[in-house]
Structures are given as C-alpha cells and as structure tokens.
Amino acid sequence: MSTETPSPIERGDQRGDFIREIVAADLREGRREGIVTRFPPEPNGYLHIGHAKSICLNFGIAGEFGGRCHLRFDDTNPMKEEQEYIDAIEADLRWLGFDWGEHLYYASDYFEQLYDWAVDLIKAGKAYVDDLSADEIREHRGTFTEAGRESPWRGRPAEESLDLFARMRAGEFPDGARVLRARIDMAAPNINLRDPVLYRILHAEHPRTGGAWCVYPTYDFAHGQSDAIEGITHSICTLEFEAHRPLYDWLIDNLPVPSRPHQYEFARLNLTHTVLSKRVLLRLVNEGHVRGWDDPRMPTMSGLRRRGFPAEGIRDFVAMVGVAKTDSVVETGMLEHAVRNVLNRTASRRFAVLDPLKVVVENYPEGQSEEMEVPNNPEDQSAGSRKVPFSRELWIERDDFMEEPVRKFFRLAPGREVRLRSAYFVTCTDVVKDADGRVVELRCTYDPETRGGDAPDGRRPKATLHWVSAAHAVPAEVRLYDYLFREAYPGADGRDLFDDLNPDSETVVAGALAEASLADVPAGETVQFERLGYFCPDPDSAPGALVFNRTLTLRDTWAKLQAQGRQDKA
RNA sequence: UGGCGAGUGGCCUAAUUGGCAAGGCACCUGACUCUGGAUCAGGGGAUUGAAGGUUCGAGUCCUUCCUCGCCAGCCA
C-alpha cells in the first residue's frame with residue numbers, strides 16, 4: 001500500500017481505534033505473526049465514500065503493521081455482478097492511493113475448493129440438500145420469538161444429498177428447485193444459525209467463470225472460507241454482519257480450512273445531506289436527478305473526483321472520523337474541512353469572474369496593456385508566479401460593488417478606493433446605468449503609483465478584489481454545486497427521500513469570464529478562483545468551451561454575515 | 001416480541017482499563033492579512049441515556065430500566 005502523505009494515525013500522532021488495538025495486541029501477545037487484511041467489494045455497483053472508510057481501514061492497518069491487504073471481489077451472485085464494476089472499482093481504488101500488488105483475488109477463484117468443502121460437510125452430516133421452495137423455507141424458519149421447524153429433508157441420508165448436490169452442479173435442476181443447507185439448529189435464537197442456505201442453483205452467466213457453474217455459494221459460505229484460503233488474519237466488516245459471526249465461526253470450525261481468520265465489525269460511515277445506499281444512488285441516476293454515477297453531487301468516488309476533491313482530502317477525512325461501533329452520522333462539513341485543508345495548501349490561484357460587471361479605468365491609456373506579476377499560491381512560494389494582463393477595460397464581480405454600501409461592506413462603492421489584486425488601486429468615480437436603472441458599468445480612475453498593489457504612501461484599502469482584463473478574458477461555463485439533499489437526514493421522520501432533494505444542488509453559470517491561463521488547467525487538477533472557491537475542469541470542458549465545477553466555496557465571513565442579516569429580518 | 005450491538009458538548013472520536021472528562025469539526029471573540037481566504041491567540045458549550053448500588057473515589061464495576069440500530073434473502 002502506498003499513500004502520498006501518511007495519515008495522522010500512520011504518523012503515530014494518534015491513538016489507534018479499537019480494531020488497531022486488537023491487531024496490536026494480537027501481534028504483541030504472539031497470537032499472530034503477521035497481519036493480512038482484505039477489502040472485499042461486491043462488483044455490483046460503484047464505490048462511494050462509505051467504502052473509503054473500509055478501504056483506508058484495511059489498507060491502513062496492513063501498512064501500519066507491516067502486513068498486506070488483498071483486493072478480493074466477492075463475486076458470488078452472477079445475477080447482479082458485472083465486469084464494468086470490477087474495472088471501475090480498481091480504478092477508484094488506485095485513485096484513492098492504494099495498491100494491492102499481486103494480491104488481486106476473486107471469490108470465484110475458490111469455487112472448486114468451496115464445492116469440495118460443501119461435499120465434506122454433507123459427508124460429515126453437517127449439511128443436506130433441501131427440496132423445499134424458498135417460500136417454504138421461509139415459513140419453516142420461524143420468527144424472532146418462535147423456533148423454526150425442521151425441513152422434512154433434514155434427515156436425508158448423506159449419500160442421497162451427495163448425489164443430489166452433484167446433480168445440482170451438473171445442471172439437472174432449474175433455479176430454486178433445491179438448495180444446500182447447513183445442519184445447525186432450527187431453534188437457535190440467532191436466525192442465521194437456523195440451517196442457513198449454503199448453495200443455490202443459478203443458471204446465469206458469471207462475469208468470470210462464464211457458464212462453468214450453475215450452483216453458487218452464498219455470502220456466508222464463501223466469505224469466511226475465502227478469508228481462510230488467503231490467510232486473512234483480521235476480517236473487518238460493518239456492523240450488520242455481527243449476527244453472522246457465529247455462522248462465520250461455525251463454518252471455520254467445521255471445515256478443514258488452512259487458517260483461522262477472525263471477523264471484527266465497525267460502524268459504517270454515514271454523512272448528512274446525502275445518502276450512501278447503492279439502491280438509492282441507482283435511482284438518482286436512473287430517474288435523471290443527476291448527470292450520472294460520476295455527477296459532482298454524488299458521494300461516489302467518481303463523483304467526488306469529478307467534483308475536484310483530492311484523494312488526500314478523503315483519506316484525511318476518514319482518519320479524522322475514526323473507527324468505532326457506534327452508529328453515527330458525520331456532518332458533511334467535516335469532509336469539506338479536510339478537502340479545503342488540502343486544497344488551500346496545494347491549489348494554484350487564478351482569477352475568474354462569475355457575475356461580471358464592466359469597469360472602465362478612465363485615466364488608463366486606451367489600447368495599452370501590461371503584464372502584472374501574480375503569485376500562484378501565497379501559501380507556497382515554490383509555486384511561483386504568473387503574468388496576468390491588465391488593461392483599461394476590466395471585469396469585476398458584481399457582488400463586489402454596492403451603489404449604496406451597507407454597514408460592514410468594505411468593497412467598491414462610489415467614491416471609494418479598493419485594491420485590484422496584484423495590480424492597482426482604483427477609485428469609483430461614476431456609475432453607468434441602463435434604462436431600467438440597472439448598473440451596467442463603473443467608471444474608475446487608477447493610481448499609477450500603486451502598481452503591483454502597494455501604495456508608496458502606505459495607505460491600505462479595506463478590500464482587495466479579483467479582476468480580469470476584458471480584452472484578454474476567456475468565457476467559461478461554471479457549475480455551482482451544493483448539497484444533493486437539503487435536509488441533513490434525507491427521508492427522516494417519514495418524509496419521502498426524494499422530496500428532500502435540494503432543487504438548487506446545481507446552478508449553471510453561463511457567462512463567467514476567466515483568466516486565459518485557465519484554459520490550460522489539466523483534467524484532475526483543482527485550482528482556486530481567488531476569493532470564490534475551488535474549481536476544477538469538468539470532463540465536458542473543451543477548448544473554446546470551458547466548463548468548471550465548483551468543488552467548494554472558500555469560507556466566507558461576509559456571506560455568513562449576509563445570511564444572518566437575512567435571518568434577522570425574517 | 002427473541003437474539004446481538006450501541007448510548008460521552010450541535011457532530012465525530014478519546015479517556016493510560018477505578019483517579020481532575022481530552023481532541024477534531026462546527027460556533028463565538030480578538031490579532032494579523034494584497035483572498036472578508038489562510039494563519040495565530042482566546043472563548044462558550046457535558047449533572048458521560050436514567051435510577052439505584054459498590055467504593056475514599058465510577059464514563060469505566062454491579063442491578064434495573066429507557067432509547068436507538070441490526071437480524072426472519074436461495075442479497076452482500
């Protein structure tokens with residue numbers, strides 16, 4: 001495994017979570033000589049940020065304790081799984097910064113071994129072929145309060161089950177005709193122990209084994225045994241598998257497996273203002289609420305990537321959230337903090353005006369222009385600087401001007417002087433309006449003595465604005481993103497999940513004007529539009545038709561003040 | 001209803017296993033600033049789900065109760 005920057009935990013700055021403590025103790029007390037973990041996705045959908053928690057946990061532990069982490073596709077249900085997902089999952093994993101070396105496995109690699117073990121179980125009288133239908137099996141299973149009833153086939157001789165199981169594999173029976181069940185205890189308080197199904201008949205094309213099989217092991221029969229085959233020491237999964245652990249252990253105990261893995265469960269990640277359910281995400285895509293699986297509003301890895309979130313920020317976020325057994329919902333603000341933290345350090349600064357207002361600098365010579373030296377990142381001198389053209393006609397942000405400035409508004413207003421970042425101080429001398437009274441242009445004068453942004457007399461404007469030269473700017477479409485759901489807990493209190501969708505989750509700004517160098521930002525790179533936020537080129541972007549996604553806004557004290565003002569009035 | 005699991009400031013997570021409840025996010029204030037960003041300094045906010053009990057001392061141990069989550073797929 002490899003990460004660009006060690007997480008706080010990897011650096012040892014942070015105490016480990018309960019799983020890391022177990023791992024450390026197992027090593028310290030000699031129960032284990034080495035650590036092997038695995039990330040076991042089912043290739044039936046795309047990875048999302050919830051998976052990132054599991055990925056960072058499994059690969060993180062392996063890295064910290066000198067072990068290794070396998071990537072194993074849990075491909076036991078050919079009805080749902082596709083090669084497309086396998087490829088996407090691998091790509092997302094690599095992007096997140098992890099590497100499994102040669103340890104790429106598939107549960108389907110073990111189908112032959114799994115089948116042999118099932119035969120062993122039958123011979124030992126610990127499994128039997130059941131002819132009951134799915135409905136009948138459910139009826140026999142009982143309820144939480146009543147014990148189940150034994151299937152009439154439970155006492156079937158091993159030889160007969162053996163013969164039937166072989167014929168199931170040979171394809172003699174249709175889907176659902178029979179199953180192989182473990183013989184455990186139909187009265188067990190844990191329903192997972194009431195003779196769970198181990199194999200079912202599925203005449204389906206498997207993405208890897210094709211038509212070689214028509215019986216497939218269930219999750220319960222495949223997972224632990226796959227762990228044992230690979231020598232997994234700590235099989236880490238989410239809380240909903242807790243009730244399966246007794247069955248996991250029963251199978252390991254009753255099969256001649258080569259190693260003894262243990263299962264540990266932690267609470268899955270939940271985030272406010274979004275939803276991490278493959279089912280719901282699929283609906284969002286299919287019903288056209290988003291642009292696709294990689295829509296910048298989606299919590300999928302591909303969505304976060306398209307949104308401009310750096311992998312490092314996601315890893316930091318996961319480290320920040322921690323690992324425990326308490327069901328919890330993390331505020332999305334924490335993710336945003338982690339992302340801003342990385343971007344502030346790494347993102348190159350640029351100028352772009354989203355809602356342009358024309359400024360004419362009256363005392364600046366017509367037809368003249370000059371190159372202003374602008375730092376690429378004040379947080380990082382090594383990022384260097386660039387030249388940005390300045391001229392008589394400029395665009396500034398409409399929000400940066402107020403004809404009648406309210407209290408605490410520091411920006412441009414009639415008669416007021418502000419600094420144009422890395423350029424000159426300008427003073428607004430006149431306001432030009434159209435027939436409707438809308439401000440369409442500002443007339444200003446500049447002070448030639450302030451070239452570069454400093455005044456010889458030491459005077460300091462209260463505001464610094466970003467700007468672009470009208471003659472040199474390039475047009476761009478900018479897509480502004482906000483929470484996908486307006487409610488922190490979508491669908492809570494009986495509401496319909498889809499009624500909680502945020503109608504303003506995407507705002508397309510067609511007429512933005514950007515510094516020309518923005519045409520050269522490579523895909524996958526996120527830059528800062530000074531004073532506005534972080535933005536990245538969208539895959540829809542093309543030469544001459546630039547499209548940027550807003551990753552996140554900057555923290556904005558003024559916007560907060562305004563929002564509070566609005567609240568006070570309301 | 002049976003089984004299993006979990007309850008610590010608004011959110012997430014700690015507490016050297018019985019010794020002054022700590023940190024991050026969020027929030028507020030101030031300093032600084034060529035991004036109203038960043039940074040720095042400070043602040044408010046917790047009868048640790050409840051009630052009993054053991055103890056010099058309980059978030060931690062015991063009892064009872066409450067709340068929430070998961071489990072009755074031939075999904076994972």
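The analysis underlying the following values was restricted to heavy atoms, covering all of them including side chains, and did not include hydrogens, waters or symmetry mates. Lettering of chains follows the sequences in order, A, B, ..., and the numbering in each one begins at 1. Bear in mind that the values here come from a model prediction, so they are computed numbers and not experimental data.
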- Mind checking A/S422 for me? I need base, sugar-phosphate or nothing, with any heavy atom below 4.0 Å counting as a touch.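 Base contact.
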
Nucleotide N/O to protein N/O under 3.5 Å, stretch nucleotides 35-44 of chain B:
unit_1, atom_1, unit_2, atom_2, d
B/U35, O2, A/Q528, OE1, 3.0
B/U35, O2, A/R531, N, 2.8
B/U35, N3, A/Q528, OE1, 2.5
B/U35, O4, A/R349, NE, 2.5
B/U35, O4, A/R349, NH2, 2.7
B/G36, OP1, A/R531, NH1, 2.7
B/G36, O3', A/T557, OG1, 3.4
B/G36, O2', A/T557, N, 3.3
B/G36, N7, A/R411, NH1, 2.5
B/G36, O6, A/F410, N, 2.8
B/G36, N1, A/K408, O, 2.6
B/G36, N2, A/K408, O, 3.2
B/G37, OP1, A/T557, OG1, 2.6
B/G37, N2, A/E379, OE2, 2.7
B/A38, OP1, A/R555, NH1, 3.1
B/A38, OP2, A/R555, NH1, 3.3
B/A38, O2', A/N344, ND2, 3.0
B/A38, O2', A/E379, OE1, 3.1
B/A38, O2', A/E379, OE2, 3.2

- Query: Which label fits B/U60, syn or anti, where anti is any glycosidic angle not within 90° of 0?
  - Reply: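 The base of B/U60 is oriented anti (glycosidic angle more than 90° from 0).
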
- Query: When rounded to the nearest Å, what value does the distance between P atoms of B/C61 and B/A14 take?
  - Reply: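 Result for the P pair: 16 Å, nearest Å.
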
- Message: Using the C1' atom as the point on both nucleotides, what is the distance between B/G44 and B/U29, in whole Å?
- Response: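 10 Å, rounded to whole Å.
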
- Distance in Å, A/D327 CG paired with A/E240 CD, rounded so as to fall on 0.5 Å steps: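 It comes to 9.5 Å.
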
- Contact summary for A/V275 and A/L281, nearest pair of heavy atoms: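 Looking at all heavy atoms of both residues, the shortest contact is O-CD2, 3.5 Å.
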
- Task: Locate the shortest heavy-atom distance separating A/L354 from A/P356; write the atom from each residue and the value.
- Result: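 In this case the closest contact between A/L354 and A/P356 is O-CD, 3.5 Å.
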
- Report the distance from atom CE of A/M334 to atom P of B/C27, rounded to the nearest whole Å.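 A/M334 atom CE is separated from B/C27 atom P by 12 Å.
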
- If you write RNA chain B from 5' to 3' in dot-bracket form, with Watson-Crick or G-U pairs under 3.5 Å, [ ] for crossing pairs and | for pairs with another strand, what do you get? .((((((..((((.....[..)))).(((((.......))))).....(((((..]....))))))))))).....

- Donor-acceptor under 3.5 Å (A/R178 side chain, A/V129 main chain):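 Not a single qualifying donor-acceptor pair exists.
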
- Quick one, give me the B/S/- string for nucleotides 67-76 of chain B, reading 5' to 3', where B means a protein heavy atom under 4.0 Å from the base and S means that only happens at the primed atoms, P, OP1 or OP2. --SSBBSBSB

